[in-house]
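Please read the structure below before turning to the comments.
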Amino acid sequence: MNRIEDEQVKFYLEHEARIREWAALERQVPKFVDRFYRSLKGDLDVALGSRGLAEEGVSSFRIGGKWPGLGLRRQGWPEENKDPDVRLEWYHKAFFPPRQGLYCGVRTQVESYRSLITKEAPPAFPKSNHWWPAYRDLDPPKGRFWEDDNLREYGNYIVDTILTAWKDLAPLVDKAGGHPPS
């Protein structure tokens, strides 16, 4: 073999440095996505205030780790391992669209809560597993979400989903724990 006939191989050899430079950008995306999800706590806090939920003993929280989260808890719910709660959770190396889960629902391992919540979960939260008695996957952003203010729409969708999960699932947590809402 005296010459390279494969056009893709020739292209790679000609542009190898630039290809490696562009491929390295992939490491920046999960950092941005994680910062984006975390930043939604401010929007969630504004929504809590505007809907009067803060006065009802509902507070927001943000957690770190391999599966960071953003969510809501009612004052008076059990504090063991910070559950149960209603939250959004994502893999810390998430992408748009997520290559691994982006979940919203009730997260708890307390069995007395799990069985009732799973049994009575509304259709909007059809899934369950060991950690989540009721949850759903969130849709990825659509179209050219990185242009202009399009990402804001996606952020609003996520905050609305967390608030819908609260409206639909917090009463089940209250019922399962025998706690009347504040």
Side-chain angles (χ1 to χ4, degrees), residues 8 11-51 53-54 58-74 77 79-109 124-170:
Q8 291 179 331
F11 179 87
Y12 180 84
L13 293 172
E14 183 177 346
H15 302 284
E16 180 179 3
R18 188 70 176 188
I19 290 169
R20 290 181 187 275
E21 179 185 333
W22 281 83
L25 293 175
E26 184 178 40
R27 290 190 298 270
Q28 298 304 314
V29 174
K31 293 175 187 174
F32 172 82
V33 172
D34 186 62
R35 281 193 317 268
F36 167 74
Y37 289 138
R38 290 174 186 278
S39 76
L40 296 175
K41 183 178 183 304
D43 297 334
L44 187 59
D45 288 339
V46 168
L48 286 178
S50 68
R51 296 185 185 196
L53 292 172
V58 180
S59 60
S60 68
F61 65 89
R62 185 172 36 204
I63 60 167
K66 189 173 182 177
W67 288 92
L70 174 66
L72 303 171
R73 293 183 44 73
R74 186 183 308 282
W77 283 1
E79 292 287 334
E80 306 90 36
N81 295 324
K82 301 287 186 209
D83 64 21
D85 55 51
V86 173
R87 76 169 67 169
L88 170 78
E89 191 172 271
W90 62 91
Y91 183 58
H92 74 288
K93 292 185 179 179
F95 280 81
F96 290 139
R99 295 179 184 168
Q100 291 189 333
L102 177 62
Y103 311 114
C104 187
V106 172
R107 189 174 184 281
T108 184
Q109 288 189 297
F125 298 91
K127 295 184 174 186
S128 68
N129 65 30
H130 178 69
W131 288 97
W132 300 82
Y135 76 98
R136 62 175 274 208
D137 298 306
L138 273 74
D139 296 327
K142 299 196 182 345
R144 299 180 63 84
F145 61 89
W146 55 87
E147 292 181 339
D148 303 320
D149 277 346
N150 293 345
L151 197 54
R152 181 182 312 247
E153 289 178 35
Y154 187 59
N156 291 340
Y157 158 72
I158 290 172
V159 169
D160 288 345
T161 301
I162 295 169
L163 292 170
T164 297
W166 179 262
K167 179 180 71 62
D168 291 351
L169 299 171

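Quick caveat, the model's predicted, so the values are computed rather than measured.
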Next item on the list: Go through the steps to decide whether Ile158 and Tyr154 satisfy the test side-chain contact (heavy atoms from CB on, under 4.5 Å), and finish with yes or no.
Entry: CA-CA 6 Å; Ile158 290 172; Tyr154 187 59; 3.4 Å; yes
Gap separating the [atom1] atom of [X] from the [atom2] atom of [Y], nearest 0.5 angstrom:
| X | Y | atom1 | atom2 | value |
| --- | --- | --- | --- | --- |
| Asp85 | Leu169 | CG | CG | 11.0 Å |
| Lys167 | Thr164 | NZ | OG1 | 6.0 Å |
| Tyr37 | Leu88 | OH | CG | 7.0 Å |
| Glu14 | Ile19 | CD | CD1 | 9.5 Å |
| His130 | Arg107 | NE2 | CZ | 9.0 Å |

Tell me the closest heavy-atom pair linking [X] and [Y], and the distance in Å.
| X | Y | result |
| --- | --- | --- |
| Phe125 | Gly105 | CD2-CA, 4.4 Å |
| Ser60 | Leu44 | CB-CD2, 4.2 Å |
| Val159 | Leu40 | CG2-O, 4.2 Å |
| Val106 | Pro133 | O-CD, 3.1 Å |
| Thr108 | Pro84 | CB-CB, 3.6 Å |
| Cys104 | Leu138 | CB-CD1, 3.4 Å |

Note to self: Does any part of the side chain of Leu102, heavy atoms only, come nearer than 4.5 Å to the side chain of Asp139, both counted from C-beta?
What the structure shows: no
Could you check whether any side-chain N or O of [X] sits under 3.5 Å from a backbone N or O of [Y], counting only pairs where one atom can act as donor and the other as acceptor?
| X | Y | answer |
| --- | --- | --- |
| Arg73 | Trp77 | yes |
| Asn129 | Trp132 | yes |
| Asp148 | Asn150 | no |

Item checked: Non-neighbouring partners of Pro68 that pass side-chain contact (heavy atoms from CB on, under 4.5 Å), sequence neighbours left out ->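 With sequence neighbours excluded, Pro68 shows a side-chain contact (heavy atoms from CB on, under 4.5 Å) to Asp34, Arg38, Trp90, His92, given in chain and number order.
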Item checked: Residue pairs fulfilling salt bridge (charged side-chain N to carboxylate O under 4.0 Å, His left out) with at least one residue in residues 128-138, sequence neighbours excluded -> Lys127-Asp137
Next item on the list: Just jot down the salt bridge (Lys or Arg N to Asp or Glu O under 4.0 Å) partners of Asp168, sequence neighbours excluded, or say none.
Entry: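 None.
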Notebook entry, point to check: Is there a side-chain contact (heavy atoms from CB on, under 4.5 Å) between Leu48 and Val58 once you walk through the steps?
Noted result: CA-CA 8 Å; Leu48 286 178; Val58 180; 4.0 Å; yes
Next item on the list: Take atom CD of Gln8 as the centre, draw a 6.0 Å sphere, and report whether it contains more than 12 heavy atoms from other residues, nucleotides or ligands.
Entry: no
Next item on the list: Look at atom CH2 of Trp146 and say whether more than 12 heavy atoms of other residues, nucleotides or ligands are closer to it than 6.0 Å.
Entry: yes
Item checked: Validation row, ring centre Tyr103 to ring centre Tyr135 under 6.0 Å -> yes
Notebook entry, point to check: Could you go step by step and tell me if Lys93 and Val33 meet the side-chain contact (heavy atoms from CB on, under 4.5 Å) rule?
Noted result: CA-CA 8 Å; Lys93 292 185 179 179; Val33 172; over 6 Å; no
Notebook entry, point to check: Any idea how His15 and Phe11 line up, ring-wise: parallel (<30°), tilted (30 to 60°), or perpendicular (>60°)?
Noted result: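 Answer is tilted, since the angle falls between 30° and 60°.
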Notebook entry, point to check: Is there a side-chain contact (heavy atoms from CB on, under 4.5 Å) between Phe61 and Leu70 once you walk through the steps?
Noted result: CA-CA 6 Å; Phe61 65 89; Leu70 174 66; over 6 Å; no
